[in-house]
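Single-structure report; data block below.
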Amino acid sequence: MRLVEGLTGIEEPRPADLAGRTLDCPCGRRHQVPIEALVTDPGGVQEVGPFLARKGHRRVWLIADERTFAAGGSQAEASCREAGVVVKKTILPGEPMPHADKEALGRLAFDLEPEALPLIAVGSGTVSDLARFLAYRTGTFFVTVPTAPSMDGYTSSVAAMLVDGVRITFPAAPPRAIFADPDIYSRAPRELIAAGYAEMLGKLTALADWRLSAVLNGEYHCPLAEELVTDAARPILEDPGSPAVLMEGLLWVGLAMLMVGTSRPASGSEHHVAHYWEMRALWEGREPYGHGERV
Ligand SMILES: [Zn+2]
Ligand SMILES: [Zn+2]
């Protein structure tokens, strides 16, 4: 991470070190990380309540599905209770797995209150996208408690929603804080951890595509984002068995996307094919494989 070290003055930086940072990059742009807190230590879920209380919030809305609530939702709720923050919850069914679609959104709309409450998203891709979409549309913010190292979109600023079988990205905002607690996400089902590993393998083709397009089409290219993704992938390829190494890598990739403002550092032709497979499965009435598996 030589470039990041040079720009931040921090040796062996962790994702948490970039929270709230502004970096003047050799690519000519000024990159910002508009995430206030990025907690990656064990027990980090206990900081959810104190974070919200410090912001002056006394009521929050927790969104999860039955599985993700069991994985980390009750701990997030307990941390709020201890900090004097009242939690209202909407728990979506865990089976069949919910999608970020009109059915789930409609279910959540029943629980909307006139005054927008900050949201806590406890889950992975689907729950994050739902909370991101709702928070943005109601003019509030959300924080997230990842329950699986399955994808790189926890920091994302767009909500990938399923609209009549087509995946459409809507503008939204990244989470105000991420509480990635290894005690929670390390217990994720093996297939979700495998999906995260496969998602990281896809970065190698994505970076090659980006480089190629920079050379052939003169597309904007950022060496800092490339370094983040390359250096995030390396330890995972060397040690595929560690959920903590995997999650940290996925967070680095997410930060790279956030800093350049597009998914280019993390998504190339392999993602186009993966998205097509997902839509085709939905058109044919089949349950698509998870995102990482398709990548
Ligand atoms: Zn992906
Ligand atoms: Zn840059």
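All ligand and atom numbering here is 1-based and tracks the order in the structure.
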(request) Taking both backbone and side-chain atoms into account, decide whether E199 has an N/O/S atom under 2.8 Å from the Zn ion (ligand 1). (result) yes

(message) Between the side chains of K203 and D152, is the shortest nitrogen-to-carboxylate-oxygen separation below 4.0 Å, so that they form an ion pair?
(response) yes

(request) For the Zn ion (ligand 1), find the closest N/O/S atom on H291 and give its atom name. (result) NE2

(message) Could you check whether Q46 and S79, counting side-chain N and O atoms only, form a donor-acceptor pair closer than 3.5 Å?
(response) no

(request) Report the angle formed at the Zn ion (ligand 2) by atom SG of C27 and atom SG of C25, rounding to the nearest 10°. (result) 100°

(request) Decide, yes or no, whether a salt bridge links E227 with R2 under the criterion of side-chain N to carboxylate O below 4.0 Å. (result) no

(message) Just to confirm my numbers, could you give the angle made at the Zn ion (ligand 2) by SG of C222 and NE2 of H31, rounded to 10°?
(response) 110°

(message) Counting only heavy atoms not in E12 (residues, nucleotides, ligands), do more than 12 fall under 6.0 Å from its CD?
(response) no

